[in-house]
Amino acid sequence: MTQQGAALQTYNNELVKCIEELCSKRDELNRQIQLEDEEKGRLQHDIRVLTEKLSRVNESLARRLTARADFDRTIAETEAAYMKILESSQTLLSVLKKEAGNLGKATEPRGKDH
(Lines give C-alpha, C1' and ligand atoms only; values in the text may rest on other atoms or scores of the structure.)
Protein backbone atom coordinates (compact mmCIF):
# COMPACT_ATOMS: atom_id res chain seq x y z
CA MET A 1 0.00 0.00 0.00
CA THR A 2 2.93 2.31 0.64
CA GLN A 3 3.98 2.01 -2.96
CA GLN A 4 0.49 2.98 -4.06
CA GLY A 5 0.44 5.87 -1.62
CA ALA A 6 3.79 7.08 -2.93
CA ALA A 7 2.57 6.78 -6.52
CA LEU A 8 -0.62 8.62 -5.61
CA GLN A 9 1.43 11.35 -3.92
CA THR A 10 3.65 11.64 -7.03
CA TYR A 11 0.60 11.88 -9.28
CA ASN A 12 -0.92 14.44 -6.96
CA ASN A 13 2.28 16.52 -6.99
CA GLU A 14 2.47 16.35 -10.77
CA LEU A 15 -1.19 17.23 -11.09
CA VAL A 16 -0.76 20.25 -8.80
CA LYS A 17 2.34 21.26 -10.75
CA CYS A 18 0.45 20.98 -14.07
CA ILE A 19 -2.47 22.99 -12.69
CA GLU A 20 -0.06 25.67 -11.42
CA GLU A 21 1.65 25.79 -14.84
CA LEU A 22 -1.74 26.13 -16.55
CA CYS A 23 -2.72 28.90 -14.14
CA SER A 24 0.58 30.67 -14.79
CA LYS A 25 0.07 30.39 -18.55
CA ARG A 26 -3.51 31.66 -18.16
CA ASP A 27 -2.26 34.63 -16.09
CA GLU A 28 0.31 35.47 -18.79
CA LEU A 29 -2.37 35.15 -21.45
CA ASN A 30 -4.65 37.46 -19.42
CA ARG A 31 -1.83 40.00 -19.19
CA GLN A 32 -1.32 39.84 -22.97
CA ILE A 33 -5.08 40.15 -23.54
CA GLN A 34 -5.19 43.21 -21.27
CA LEU A 35 -2.25 44.82 -23.14
CA GLU A 36 -3.83 44.14 -26.52
CA ASP A 37 -7.19 45.40 -25.27
CA GLU A 38 -5.53 48.65 -24.15
CA GLU A 39 -3.78 48.93 -27.52
CA LYS A 40 -7.12 48.32 -29.25
CA GLY A 41 -8.65 51.16 -27.24
CA ARG A 42 -5.80 53.50 -28.18
CA LEU A 43 -6.10 52.54 -31.84
CA GLN A 44 -9.87 53.06 -31.81
CA HIS A 45 -9.34 56.49 -30.26
CA ASP A 46 -6.71 57.33 -32.88
CA ILE A 47 -9.08 56.17 -35.63
CA ARG A 48 -11.85 58.44 -34.28
CA VAL A 49 -9.45 61.40 -34.10
CA LEU A 50 -8.10 60.73 -37.60
CA THR A 51 -11.60 60.20 -39.01
CA GLU A 52 -12.70 63.56 -37.61
CA LYS A 53 -9.56 65.21 -38.97
CA LEU A 54 -10.11 63.59 -42.38
CA SER A 55 -13.68 64.87 -42.38
CA ARG A 56 -12.51 68.42 -41.64
CA VAL A 57 -9.83 68.21 -44.34
CA ASN A 58 -12.39 66.89 -46.87
CA GLU A 59 -14.76 69.76 -46.04
CA SER A 60 -11.96 72.32 -46.38
CA LEU A 61 -10.80 70.73 -49.62
CA ALA A 62 -14.35 70.84 -51.04
CA ARG A 63 -14.62 74.56 -50.16
CA ARG A 64 -11.25 75.27 -51.75
CA LEU A 65 -12.12 73.31 -54.90
CA THR A 66 -15.35 75.28 -55.20
CA ALA A 67 -13.45 78.55 -54.71
CA ARG A 68 -10.91 77.52 -57.35
CA ALA A 69 -13.70 76.70 -59.79
CA ASP A 70 -15.17 80.16 -59.11
CA PHE A 71 -11.78 81.74 -59.80
CA ASP A 72 -11.41 79.73 -63.00
CA ARG A 73 -14.89 80.79 -64.16
CA THR A 74 -14.28 84.46 -63.30
CA ILE A 75 -10.91 84.45 -65.04
CA ALA A 76 -12.36 82.81 -68.16
CA GLU A 77 -15.27 85.28 -68.27
CA THR A 78 -12.93 88.24 -67.73
CA GLU A 79 -10.51 87.07 -70.41
CA ALA A 80 -13.40 86.58 -72.86
CA ALA A 81 -14.73 90.08 -72.11
CA TYR A 82 -11.23 91.52 -72.46
CA MET A 83 -10.84 89.85 -75.86
CA LYS A 84 -14.14 91.41 -76.96
CA ILE A 85 -12.88 94.80 -75.78
CA LEU A 86 -9.67 94.31 -77.76
CA GLU A 87 -11.61 93.31 -80.85
CA SER A 88 -13.93 96.32 -80.45
CA SER A 89 -10.94 98.61 -79.93
CA GLN A 90 -9.29 97.25 -83.06
CA THR A 91 -12.50 97.73 -85.04
CA LEU A 92 -12.95 101.25 -83.64
CA LEU A 93 -9.36 102.15 -84.50
CA SER A 94 -9.80 100.83 -88.02
CA VAL A 95 -13.04 102.78 -88.51
CA LEU A 96 -11.46 105.92 -87.01
CA LYS A 97 -8.45 105.71 -89.33
CA LYS A 98 -10.74 105.25 -92.34
CA GLU A 99 -12.89 108.22 -91.31
CA ALA A 100 -9.82 110.34 -90.62
CA GLY A 101 -8.58 109.50 -94.08
CA ASN A 102 -11.91 110.47 -95.60
CA LEU A 103 -11.98 113.72 -93.60
CA GLY A 104 -8.44 114.44 -94.68
CA LYS A 105 -9.42 114.08 -98.31
CA ALA A 106 -12.41 116.35 -97.83
CA THR A 107 -10.31 119.10 -96.27
CA GLU A 108 -7.51 118.99 -98.80
CA PRO A 109 -7.38 122.08 -101.06
CA ARG A 110 -8.65 121.45 -104.51
CA GLY A 111 -6.14 121.18 -107.19
CA LYS A 112 -4.79 124.31 -109.01
CA ASP A 113 -6.34 123.07 -112.20
CA HIS A 114 -9.78 124.44 -111.39
The criterion is side chain to side chain contact (heavy atoms under 4.5 Å, CB included); which residues satisfy it with Glu28, sequence neighbours excluded? Arg31, Gln32
The complete set of salt bridge (charged side-chain N to carboxylate O under 4.0 Å, His left out) pairs with one or both residues in residues 51-60, sequence neighbours excluded, reads none
Looking at residues at least two apart in the chain, or sitting in another chain, which of them share a side chain to side chain contact (heavy atoms under 4.5 Å, CB included) with Cys18? none
Roughly how far, to the nearest 0.5 Å, is CG of Asn30 from CG of Asp37? 11.0 Å
If only atom types and distance count, is the side chain of Ser55 paired as donor or acceptor with the main-chain N or O of Thr51 below 3.5 Å? no
Set of residues satisfying salt bridge (Lys or Arg N to Asp or Glu O under 4.0 Å) with respect to Glu36, sequence neighbours excluded: none
To the closest 0.5 Å, what do you measure between OG1 (Thr10) and CG (Leu15)? 12.0 Å
Can you give each donor-acceptor pair under 3.5 Å made by side-chain atoms of residues 93-105, sequence neighbours left out, with the distance rounded to 0.1 Å?
none

Under the side chain to side chain contact (heavy atoms under 4.5 Å, CB included) test, residues paired with Gln9 that sit two or more places apart: Asn12, Asn13
Inter-residue atom distance Leu22.CG - Leu29.CG, 0.5 Å rounding: 11.5 Å
When you compare the side chain of Leu43 with that of Lys40, does any pair of heavy atoms fall below 4.5 Å? no
With ILVMFWY side chains joined below 4.5 Å, transitively, what does Tyr82's cluster contain besides itself? Met83, Leu86
By side chain to side chain donor-acceptor pair (under 3.5 Å), Glu39 pairs with (sequence neighbours left out) Arg42
With rounding to the nearest 0.5 angstrom, report the CZ to CG distance, Arg68 to Leu61. 8.5 Å
Only pairs at least two apart or in different chains count here, so list each side-chain hydrogen bond (donor to acceptor under 3.5 Å, both in side chains) that has a residue in residues 16-26. none
Not counting sequence neighbours, which residues clear salt bridge (Lys or Arg N to Asp or Glu O under 4.0 Å) with Asp70? List them please. Arg73
List for me each residue that meets side chain to side chain donor-acceptor pair (under 3.5 Å) alongside Asp27, sequence neighbours excluded, and say none if there are none. none
Sequence neighbours left out, what passes side chain to side chain contact (heavy atoms under 4.5 Å, CB included) with Ser60? Give chain and number order. Arg63, Arg64
